[in-house]
*Asks:* 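Here's a structure for you.
Naming convention: chains lettered A, B, ... in sequence-line order (proteins, then strands); numbering from 1 in each chain. Side-chain atoms are counted along with the backbone in the values below, which use heavy atoms only and exclude waters and symmetry mates.
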There are 2 protein chains.
Amino acid sequence: MADVKKTNAASRRGEITETATALFLEKGFAGTSMSDLAQACGIRKASLYHHFPGKEDLFIACVTEGYSGAMDEIAQIYATDAMEDTDKVRATFDCLYHSTIEAPVGRLSPLIAEVSRSMPNVARSFHNNYIELQRDMVEKIILAGVENGAFLPQDIDVLLHLIFGPIVTLSLSREMFATFDDIDERYPVQSLKDGHVDTILRILTEPAFATAQG
Amino acid sequence: MADVKKTNAASRRGEITETATALFLEKGFAGTSMSDLAQACGIRKASLYHHFPGKEDLFIACVTEGYSGAMDEIAQIYATDAMEDTDKVRATFDCLYHSTIEAPVGRLSPLIAEVSRSMPNVARSFHNNYIELQRDMVEKIILAGVENGAFLPQDIDVLLHLIFGPIVTLSLSREMFATFDDIDERYPVQSLKDGHVDTILRILTEPAFATAQG
DNA sequence: GTCTATACGCTGATAGAC
DNA sequence: GTCTATCAGCGTATAGAC
């Protein structure tokens, strides 16, 4: 606690995972070598093995560290009493768009897909400790609004499909086409987020819309 | 034309790309070796180099072949006169869900993300020859319905965000968690598709819904 | 905790016989 | 067109000095 470094990497271990995460996101797991990592960290390859038993363990540390605390902000939104339900939904969307598109954690999905067969335990951990928690939290926020009478009853699985789908896909598109110089015009975050949340709120609140719903 | 084989691989080259595509989808580009490929194809490694100059060219052939003709079915939907606009949308969704989740072409996205920095031309080609064409086709189908008066005017960028997003994300989720034995209960295709298309059609046709729209 | 040195299998790729 | 044989280099990982 004495003097905290400016970087969020407290120990050397943290510095390494932080650098490694950036490299893994850029070149994939198999495409990133321990030599690459050592060079990027400014140390020798052998020194990496002092901090981690092997490449796979290092990777697991990156993923695990990626989603630690990722749920805090959205949990606060759920817990607060100082917001209307519609504003909670807007704040939730701000959170989700940010954590999925800008923060490392949301950009991990293609990486998990790459290693899903060779490290199924990593995929399982990512699912249980991130995807599912996030999903449950959003579900709770919606259902609280339904209980309040602010929102209409919903098919929650379909609604979550419509909430998370566009966000994750936008993140994936921006990874796939990261080298395009017109990426921000082709795949803009702000305007799509605004239109997305407006549509979801209309689904949640427009009585005429709900009539045919099961 | 004389006697066509049952497989869609006409030549040996096609057999190789077909096998290679499956391997690349399973283990990624960097994670798949030419030895793996040779073994899976039942030939020796050196023979692969008779058909393709190198690993990267083989990969490009897989991707290119993946989306050749992928647009035919959806183009037919657009062209036909024998369907109502709402049925065209439903048929389009059937197409999109199938091509994105089951066919190789739609499952390529995480692969493209993996190689996007090292092979930006592949990403560009995938975008121009598949993503953009598919997007334009769906846009045309929607706008035709608007012209007919069957659909209400739309913010088309946001609407496409809401159409493609959930589909691509469902595909990605099913790749990430392919090893789960409850994958079909957690990430079911049919029920999410049905709810998704119903919601989109309500957005397209419900007057009360459109009032606040730009 | 970081270094140099090294082991050694596997990588993509080539040469040349059949 | 497929094979055997072979290459140089890079891959992860380890041993042991400082």
*Asks:* Among side-chain atoms of A:Asp194 and A:Ser191, is any donor-acceptor pair under 3.5 angstrom?
*Replies:*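 Not at all, the side chains of A:Asp194 and A:Ser191 share no donor-acceptor pair under 3.5 Å.
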*Asks:* Ignoring hydrogens and geometry beyond distance, is a side-chain donor-acceptor pair present between A:Asn129 and A:Ser125 at under 3.5 Å?
*Replies:*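 Per modelled atom types, A:Asn129 and A:Ser125 side chains form a pair under 3.5 Å.
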*Asks:* Which part of the nucleic acid does B:Ser33 contact within heavy-atom distance under 4.0 Å: base, sugar-phosphate only, or nothing?
*Replies:*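 Sugar-phosphate, no base atom in range.
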*Asks:* Taking only side-chain nitrogens and oxygens of B:His51, does any of them come within less than 4.0 Å of OP1 or OP2 of D:dT2?
*Replies:*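 Checking B:His51 against D:dT2: at least one side-chain N or O falls below 4.0 Å of OP1 or OP2.
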*Asks:* Nearest whole Å is fine: how far is C:dT11 P from B:Tyr49 OH?
*Replies:*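 Taking atom P of C:dT11 as the reference, OH of B:Tyr49 is at 11 Å.
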*Asks:* Does a nitrogen or oxygen in the side chain of B:Arg12 sit under 4.0 Å from OP1 or OP2 of D:dT2?
*Replies:*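 Yes, such a contact exists.
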*Asks:* Check the distance between C:dT6's P and A:Arg44's CZ and give it to me in whole angstrom.
*Replies:*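 In whole Å, C:dT6 P and A:Arg44 CZ are 15 Å from each other.
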*Asks:* Can you see whether A:Asp72 engages A:Gln76 through a side-chain donor-acceptor pair at a distance of less than 3.5 angstrom?
*Replies:*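 Checked: A:Asp72/A:Gln76 side chains show no N/O donor-acceptor pair below 3.5 Å.
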*Asks:* Separation of B:Phe52 atom CZ from C:dG12 atom C1', in whole Å?
*Replies:*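 Rounding to the nearest Å, CZ of B:Phe52 and C1' of C:dG12 are 16 Å apart.
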*Asks:* Using the closest heavy atom to pick a nucleotide of DNA chain D for each, name whichever of B:Lys45 or B:Gly42 lands nearer the 5' end.
*Replies:*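 Its nearest nucleotide lies further toward 5', so the answer is B:Gly42.
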*Asks:* Between B:Glu15 (CD) and D:dG1 (P), how many Å, whole number?
*Replies:*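 One finds 12 Å between P of D:dG1 and CD of B:Glu15, rounded.
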*Asks:* B:Asp57 has an atom CG; how far is it from atom P of C:dG12, in whole Å?
*Replies:*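 Nearest whole value for this atom pair: 13 Å.
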*Asks:* Measure NZ/A:Lys55 against C1'/D:dT14 and give the value in whole Å, please.
*Replies:*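 Taking atom C1' of D:dT14 as the reference, NZ of A:Lys55 is at 17 Å.
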*Asks:* Report yes if at least one side-chain N or O of A:His50 is closer than 4.0 Å to OP1 or OP2 of C:dT2; otherwise report no.
*Replies:*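 Result: no.
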*Asks:* Among side-chain atoms of B:Thr169 and A:Thr169, is any donor-acceptor pair under 3.5 angstrom?
*Replies:*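 The criterion, which ignores hydrogens and geometry beyond distance, is satisfied for A:Thr169 and B:Thr169.
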*Asks:* Does the ring of B:Phe164 carry B:Arg135 above it, NZ/CZ under 6.0 angstrom from centre and within 45° of its axis?
*Replies:*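 No.
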*Asks:* For C:dG1, does OP1 or OP2 lie under 4.0 Å from any side-chain N or O of A:Ser47?
*Replies:*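 No, A:Ser47 has no side-chain N/O under 4.0 Å of OP1/OP2 on C:dG1.
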*Asks:* Send over the distance from A:Ile43 CD1 to C:dT4 C1', rounded to a whole Å.
*Replies:*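 These atoms are roughly 15 Å apart.
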*Asks:* How close or far is atom P of C:dC10 from atom CG of B:Leu37, stated in whole angstroms?
*Replies:*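 Nearest whole value for this atom pair: 16 Å.
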*Asks:* Looking only at side-chain N and O atoms, does B:Ser35 come under 4.0 Å of OP1 or OP2 in C:dC10?
*Replies:*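 Checking C:dC10 against B:Ser35, no side-chain N or O comes under 4.0 Å of OP1 or OP2.
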*Asks:* Please determine, for the side chain of B:Ala46, which listed nucleotide (D:dT12, D:dT4, D:dT2) has the closest atom?
*Replies:*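 The nucleotide sitting nearest to the side chain is D:dT4.
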